Amino acid sequence: MFALADCNNFYVSCERVFNPMLCGRPVVVLSNNDGCVIARSEESKALGIAMGTPLFRCRDVIGRHGVAVFSSNYPLYGDMSSRVMNTLGAMAPEQERYSIDEAFFDLSGFRRFGLREHAALMRRTVLKHTGIPVSIGIAHTKTLAKLAAKAAKKDPSCGGVLMLEGADRVRRALASTHLEDVWGIGRQWSLKLALQGIQTAADFAGMPPALVRRLLGVTGAKVQAELQGHRCLPLELVRPMKQTICTSRSFGRNVFSVEELQEAVASFASRAASKLRREGSTASLLTVFISTSPFAASALRREASRTVSLPRAADDAMTLVTAASRVLEAIYQGGHPYRKAGVLLGAIAPKNPPGESFLLFGDEGEGRAEALQQVMEQVNLRYGNGSIRLAAEDSRAWEPLCRHISPRYTTSWEEILRVPSAPQAPPAPAHR
DNA sequence: TCTGGGGTCCTAGGACCC
DNA sequence: TCTGGGGTCCTAGGACCC
């Protein structure tokens, strides 16, 4: 049997652990740049604040009901995530970390303890050790386990754990699940299937497989088979190597000049380099993209991108920053209010593959660049990220907004001492 | 005024190979 | 009149996930 453990309203729960005054109050967490609502407490959901709502569209509700608003605090959420994952992993070692707030487990070995009982113990332990509430679904396939976890969240009577075993129990769960709540079925496919009269997970599971294959391809066919209890998605115990690594941001304001874009792109390339090095990989393809807001007047709108292949696979900031800077120069065009840029690395390969390759036409700089990069990493490790960086990255005038950020309670000695003030609703727009 | 970031997989079509 | 069969690789676009 597979289990899925899913943290409830994860980002909101992280904020509440360190600021219990938030419990019982409506809370939302915003996307980068304070743009959209990406996490909501139950109280906020009850107020009708939908996932992904732009902040400016729900300011009224937020003001009227005293909703607490937070910018996202990824150092905090990432650290809390590893605490939750480590706690769970200690109690069920066959673990696949699926996302920042979810993990799958193979619980087959725990039959004699009672699967439901063991899951309930996992849940209690995580709550006690980290303060984060989780819901756990148990079933024969991953897709059914996801469905069970969702149902466990909705129904308070099951105490956060729901096991789907037995054809009848599964059938009832499928019948009471809307199609768009099934893992793997998004908006577009729901609409497509609604035209065929398909409303619930049970309807979908009962469709002729050939029709599903024709409408949704093999991906949809797998979802259907999983709902019928056939395992198509195995537990992935080791995370496969990333195929692309991307660092991109929306800017806190319009950026017009190539100089400011250069600084942003240099920072992204440098960030991407450190992600790459953490993976122990190198990249041979580099893409730079810049764009205005997609909501800008069409005369001002512009999207541009270009990919280059690097003369040799690289993982150091200086090579990637230099390459990115050249690409940006080539695609930049003045007169547009740019709001976003990014660097995407591709053709990723392990750094020291068996039978290591070398450059035919020498490269004496190589060893020095590597040594310099390592020293920079050590300095940043000891004195804090950003203590030393390439001059090209400086100024940061483009930095995204985060007006409602909470302290990094678990990863910063300075910030842990900051007393959380009762968070306020964001300042009302000037005209109100 | 104000709208995230980082991924994966599949499919179709085109260019190419013998 | 009539024009093969079996592949690979790449790219762009579209769907999905959190």
Side-chain angles (χ1 to χ4, degrees), chain A residues 4 6-7 9-11 28-39 50-60 62 69 71-74 77-78 81 96-104 142-143 146 149-150 179-193 213-223 232-233 236 239-254 268 271-272 275-276 279 285 287 289 291-297 301 303 305 307 309 337 339-348 400-403 426-432:
Chain A
L4 175 79
D6 192 343
C7 300
N9 314 329
F10 181 56
Y11 297 168
V28 297
V29 176
L30 304 176
S31 61
N32 257 347
N33 222 14
D34 293 347
C36 297
V37 171
I38 55 163
M51 185 72 164
T53 311
L55 176 61
F56 70 90
R57 287 221 182 113
C58 50
R59 252 190 230 280
D60 277 357
I62 285 173
V69 176
S71 302
S72 18
N73 184 343
Y74 287 103
Y77 310 149
S81 170
E96 172 188 339
R97 296 186 185 196
Y98 174 66
S99 75
I100 194 165
D101 70 334
E102 286 172 68
F104 286 102
K142 284 176 147 185
T143 306
K146 285 279 282 189
K150 193 160 266 187
L179 185 59
E180 61 271 21
D181 288 338
V182 171
W183 187 42
I185 306 289
R187 278 255 322 268
Q188 300 305 316
W189 286 3
S190 289
L191 291 173
K192 205 172 195 178
L193 292 169
R213 179 68 177 80
R214 189 160 58 76
L215 292 174
L216 308 182
V218 301
T219 318
K222 280 186 187 173
V223 175
C232 300
L233 308 172
E236 293 182 3
R239 187 172 61 74
M241 209 172 60
K242 282 197 203 312
Q243 300 172 29
T244 56
I245 287 178
C246 181
T247 302
S248 71
R249 288 288 175 278
S250 297
F251 305 140
R253 56 175 178 74
N254 292 334
F268 303 153
R271 266 288 283 141
K275 291 184 193 176
L276 194 57
E279 290 267 312
L285 289 178
T287 306
F289 54 90
S291 65
T292 57
S293 163
F295 307 100
R301 220 175 300 159
E303 281 178 36
S305 77
T307 303
S309 61
R339 287 305 290 251
K340 180 172 179 167
V343 170
L344 177 70
L345 303 178
I348 292 184
L401 305 176
C402 48
R403 294 186 171 131
H431 66 271
R432 289 178 61 232

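Computed over heavy atoms, backbone and side chain alike; hydrogens, waters and symmetry mates excluded. As the structure is a computational prediction, the values presented were derived from the model and not from experiment. Below, chain A is the first sequence line, B the second, and so on; all start at residue 1.
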Novice: Nearest to the A:K340 side chain among B:dT8, B:dG5, C:dC18, which nucleotide is it?
Specialist: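 The closest nucleotide is B:dG5.
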Novice: Counting only side-chain heavy atoms from C-beta out, which of B:dC10, B:dG7, B:dG5 sits nearest to A:K242?
Specialist: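 The closest nucleotide is B:dG7.
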Novice: Round to the nearest Å and state the distance from A:N9 atom CG to C:dC18 atom P.
Specialist: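 Roughly 14 Å, once rounded to whole Å.
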Novice: Return the nearest nucleotide to the side chain of A:K275; candidates are C:dC16, B:dG6, B:dT8.
Specialist: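 Taking heavy atoms from C-beta onward, the closest nucleotide is B:dG6.
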Novice: Nearest heavy-atom pair of A:I245 and A:E279: which atoms, and what distance?
Specialist: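 Closest pair (atom of A:I245, atom of A:E279, distance): CD1-CG, 4.2 Å.
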Novice: Picking from B:dG7, B:dT3, B:dG5, which would you name as closest to the side chain of A:R249?
Specialist: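 From the listed options, B:dG5 comes nearest.
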Novice: Out of B:dT3, B:dG4, C:dC17, which nucleotide sits closest to the side chain of A:Y74?
Specialist: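 Minimum distance to the A:Y74 side chain belongs to B:dG4.
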Novice: Distance check: side-chain N/O of A:S250 vs OP1/OP2 of B:dT3, anything under 4.0 Å?
Specialist: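 Answer no for this pair, as no side-chain N or O of A:S250 is under 4.0 Å from OP1 or OP2.
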Novice: What does A:D101 touch in the nucleic acid at a heavy-atom separation under 4.0 angstrom: a base, only the sugar-phosphate, or nothing?
Specialist: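 Here A:D101 touches the backbone only, sparing every base.
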Novice: Which part of the nucleic acid, if any, lies within contact of A:K146, taking any heavy atom under 4.0 Å across all strands shown: a base, the sugar-phosphate backbone alone, or nothing?
Specialist: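 Sugar-phosphate contact only.
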Novice: Would you classify A:R214 as touching base, sugar-phosphate or nothing, given that sugar-phosphate means primed atoms plus P, OP1 and OP2, and contacts are heavy atoms under 4.0 Å?
Specialist: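 The residue A:R214 makes no contact with any strand.
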Novice: What is the distance from CZ of A:R97 to C1' of C:dC17, rounded to the nearest Å?
Specialist: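 Those two atoms, CZ and C1', are 19 Å apart.
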Novice: Between A:G35 and A:S248, who's closer to the 5' end of DNA chain B by nearest nucleotide?
Specialist: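 Here A:G35 is the residue nearer the 5' end.
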Novice: Where the side chain of A:S99 is concerned, which of C:dC18, B:dG6, B:dT3 is the nearest nucleotide?
Specialist: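 Taking heavy atoms from C-beta onward, the closest nucleotide is C:dC18.
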Novice: In this structure, how many angstroms lie between the P atom of B:dG5 and the CZ atom of A:R339, rounded?
Specialist: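 Rounded to whole Å, this separation is 11 Å.
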Novice: Using the six-membered ring wherever Trp is involved, compare the ring planes of A:Y11 and A:Y74 and label them parallel, tilted or perpendicular (cut-offs 30° and 60°).
Specialist: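 A:Y11 and A:Y74: perpendicular rings.
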Novice: Can you tell me how far P of C:dC18 sits from OH of A:Y11, to the nearest Å?
Specialist: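 After rounding, the gap between these two atoms is 12 Å.
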Novice: What distance, rounded to whole Å, do you find between the two C1' atoms, one in C:dC17 and one in B:dG4?
Specialist: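 Their C1' atoms lie roughly 15 Å apart.
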Novice: Given A:K242 and A:K275, is the side-chain contact (heavy atoms from CB on, under 4.5 Å) satisfied, shown in steps?
Specialist: CA-CA 10 Å; A:K242 282 197 203 312; A:K275 291 184 193 176; over 6 Å; no
Novice: Does the ring of A:Y98 meet both stacking tests against the six-membered base ring of C:dC18: centre distance under 5.5 Å and plane angle under 30°?
Specialist: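 A:Y98 vs C:dC18: stacking no.
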Novice: Let me know the distance between CG of A:L55 and C1' of B:dG4, rounded to the nearest Å.
Specialist: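 It works out to 13 Å between those atoms.
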Novice: Take atom CG of A:L401 and atom P of B:dT1, then tell me their distance rounded to the nearest Å.
Specialist: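 Taking atom P of B:dT1 as the reference, CG of A:L401 is at 16 Å.
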Novice: Across the strands shown, which category fits A:I100 at heavy-atom distances under 4.0 angstrom: base, sugar-phosphate, nothing?
Specialist: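 No contact.
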Novice: For a side-chain contact (heavy atoms from CB on, under 4.5 Å) check, start with the C-alpha distance between A:L233 and A:W183, then their side-chain angles and the critical distance, and finish with the verdict.
Specialist: CA-CA 12 Å; A:L233 308 172; A:W183 187 42; 3.7 Å; yes
Novice: Of all the nucleotides listed (B:dT3, B:dG7, B:dG6), which has the minimum atom distance to the side chain of A:C36?
Specialist: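 Selected nucleotide: B:dT3.
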Novice: Would you mind telling me which of B:dG4, C:dC18, B:dC10 lies closest to the side-chain atoms of A:S31?
Specialist: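 It is B:dG4.
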Novice: Verify the contact: side-chain N or O of A:R271 to OP1 or OP2 of B:dG6, cut-off strictly under 4.0 Å; return yes or no.
Specialist: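 Result: no.
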Novice: Check the distance between B:dT1's C1' and A:R57's CZ and give it to me in whole angstrom.
Specialist: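 Result: 13 Å.
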Novice: Which dot-bracket string describes DNA chain C (Watson-Crick N1-N3 plus N6-O4 or O6-N4, or G-U N1-O2 and O6-N3, all under 3.5 Å; [ ] crossing; | other strand)?
Specialist: ....||||||||||||||
Novice: In whole angstrom, what separates A:E96's CD from C:dC18's P?
Specialist: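 Nearest whole value for this atom pair: 13 Å.
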Novice: Closest to the A:Q188 side chain: B:dG7, B:dT8, C:dA15?
Specialist: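 The listed nucleotide nearest to A:Q188's side chain is C:dA15.
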Novice: Nearest-nucleotide wise, let me know which of A:L344 and A:N33 is further upstream toward the 5' end of DNA chain B.
Specialist: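 First, find each residue's nearest nucleotide; the 5'-ward one identifies A:N33.
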